[in-house]
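It should be emphasised that the depicted structure is a prediction, and the values quoted were computed from it without experimental measurement.
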There are 2 protein chains.
Amino acid sequence: MLLADDEELIRTGLRVIIDAEADLEVVGEAGDGVDALEMVRRLKPDVVLMDVRMPTVDGLEATERIVSTVADPPKILVVTTFDNDEYVYQALRAGADGFLLKRARPDRLLEAIRVVVRGDSLLFPAAIRDLATRHRGRPSALRRAGLTEREEQVLRLMATGRTNAEIAAELYVSAETVKTHVGNVLGKLRVRDRTQAVIAAYESGFV
Amino acid sequence: MLLADDEELIRTGLRVIIDAEADLEVVGEAGDGVDALEMVRRLKPDVVLMDVRMPTVDGLEATERIVSTVADPPKILVVTTFDNDEYVYQALRAGADGFLLKRARPDRLLEAIRVVVRGDSLLFPAAIRDLATRHRGRPSALRRAGLTEREEQVLRLMATGRTNAEIAAELYVSAETVKTHVGNVLGKLRVRDRTQAVIAAYESGFV
DNA sequence: CAGTGTCTCCCCCACGCGGGGGAGCGCGTC
DNA sequence: GACGCGCTCCCCCGCGTGGGGGAGACACTG
């Protein structure tokens, strides 16, 4: 396992916790993203505990580079301090295998590591759930907006970046008809323009 | 624990697996969303295994209703058949505590249940990860688009649904300046209009 | 049967938006 | 100092967009 964190104190703490386990072993420590990438290539660890905020290259960028450039990349657990951290999704999109809070209890930390090592699963700490669900309530808003089937179709096509003319061609109707549907969607969603409608669609998980 | 699935075969299979465990007990079975909601109110289970596709009210809607209307709601594990199921995010946003594939091995299923019961954690099966990371590669596209700091600011404000004039007011610059930045953003992201730019921002995890 | 709702199409009009061009300023680099 | 670059501001122009109005066809329901 490789530890990547710019604070030595954190690295030491993690090392103590991890080395106490018979089945886990720390093979190296990196202080920034560049070091992390280099050490991954050289030491070929099976797991990396990756801090987000680091000098030179942050943990997200490092994760992305590792996943996209290293053959048979290690499992990467992104570790961060704040539970309201907006990096969660970005971490997963960058190719991380898991996400964890630094203040998690050691047994949870070890469990997360084992889960990631063993299978290919993601373990989310509790507080992170809020990030996934922070937009709750709103889907109902969109759901209860009472969009008709046609209006939903149009909204979906709007959310692909199409113009009214393109939507019209896609649905085999006139552009005027699409305009009507779009207008109805905007009214029902109580938004000003198509951009806000698309945002509402994304925020509510509609797309 | 409550099982909610429209296929009796599935319910039976789950019941057999679960009842074999000493610490887990199935207290009821629901065949659709309405039943599930009613039984949650009546039986007050601590966990619900919720299928997505069900008659009357689907599992997502049922989850949302339970979470938003039941006092002290049970933990809800959404169970689905397909690993390319786009319902994952919607499930989490609806308030589900976890997501699981039906074809998961029984021990994984039981582990997921225990994780959800014990703490408040989310367990993602492997294939689900692709959903979180399906837009990978693209963030780099956006990242490598070479947006300047100001352009990033403008893009973020665009992604909140603001007009150029509002962005201008927010940044204390003229609307013409904002137009220039917007134009640069569109060019660098290779998109046609602000709606597509916002979509790109969402798809790449920029927001 | 009448009423409601949805989908379809049309008109006019104001305006935000994006594309084209140019231009000055401050900054750091070579 | 020259140069590149980012930020700022301005012009004109075409057009997609959204708001206002109306209207006919069809299906479903009370």
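- If you take CD of B:Gln196 and P of D:dG16, they are 14 Å apart, rounded to a whole angstrom.
- For A:Thr180 against C:dC9, a side-chain N or O and a base N or O form a donor-acceptor pair under 3.5 Å.
- With no hydrogens or angles considered, a side-chain donor-acceptor pair links B:Arg162 and B:Thr160 at under 3.5 Å.
- Heavy atoms of A:Thr148 sit under 4.0 angstrom from primed sugar atoms or phosphate atoms, though from no base atom.
- The nucleotide whose nearest atom lies closest to any side-chain atom of B:Asp193 is, among C:dG18, D:dC9, C:dC10, C:dG18.
- Judged by distance alone, the side chain of B:Glu61 and the main-chain N or O of B:Asp58 form no donor-acceptor pair under 3.5 Å.
- On a pure distance criterion of 3.5 Å, no polar donor-acceptor pair joins the side chain of B:Lys179 and the base of C:dG16.
- When heavy atoms are screened at a 4.0 angstrom cut-off, A:Ser174 is found touching the sugar-phosphate backbone but no base atom.
- No side-chain heavy atom of B:Leu157 sits under 4.5 Å from any side-chain heavy atom of B:Val178.
- Phosphate proximity of D:dG6 to B:His181: absent, as no side-chain N or O sits under 4.0 Å from OP1 or OP2.
- Rounding to whole angstrom units, NZ of residue A:Lys188 and P of C:dG5 are separated by 10 Å.
- B:Arg150 has a side-chain polar atom (N or O) that falls below the 4.0 Å cut-off from OP1 or OP2 of D:dT8.
- Atom CD of A:Glu176 and atom P of C:dC12 are 11 Å apart (whole Å).
- With axes fitted over five pairs at each extremity, the angle between the ends of the helix from C:dC1-D:dG30 to C:dC30-D:dG1 is 40° (10° resolution).
- Using a 4.5 Å heavy-atom threshold, the side chains of A:Leu147 and A:Leu155 count as touching.
- Summarising the local packing, CZ of B:Arg192 is surrounded by more than 12 heavy atoms from other residues, nucleotides or ligands at distances under 6.0 Å.
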Distance-only check: which donor-acceptor pairs under 3.5 Å involve side-chain atoms of residues 27-37 of chain B, not counting sequence neighbours?
residue : atom : partner : partner atom : Å
B:Glu29 : OE1  : B:Arg11 : NE           : 2.7
B:Glu29 : OE2  : B:Arg15 : NE           : 2.5
B:Glu29 : OE2  : B:Arg15 : NH2          : 3.3
B:Asp32 : OD1  : B:Val34 : N            : 3.1
B:Asp32 : OD1  : B:Asp35 : N            : 2.7

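- Taking atom CD of residue A:Glu152 and atom C1' of nucleotide C:dG5, one finds them 16 Å apart after rounding to whole Å.
- Between the side chains of A:Thr177 and A:Ser174, at least one donor N or O sits under 3.5 Å from an acceptor N or O.
- With rounding to whole Å, B:Glu149 atom CD is found 14 Å from C:dC27 atom C1'.
- In the model, B:Arg150 has no side-chain atom that pairs as donor or acceptor with a side-chain atom of B:Asn184 under 3.5 Å.
- OP1 or OP2 of D:dT17 sits under 4.0 Å from a side-chain N or O of A:Arg194.
- A straight line from CG of B:Leu171 to P of D:dT8 spans 7 Å, rounded to a whole angstrom.
- In this model, the phosphate group of C:dC9 is approached by a side-chain N or O of A:Thr177 to a distance below 4.0 Å at OP1 or OP2.
- Rounding to whole angstrom units, CG of residue A:Leu147 and C1' of C:dG5 are separated by 15 Å.
- One atom, CE of B:Met158, and another, P of C:dC17, lie 11 Å apart when rounded to the nearest Å.
- B:Asn164 has no side-chain polar atom (N or O) that falls below the 4.0 Å cut-off from OP1 or OP2 of C:dG16.
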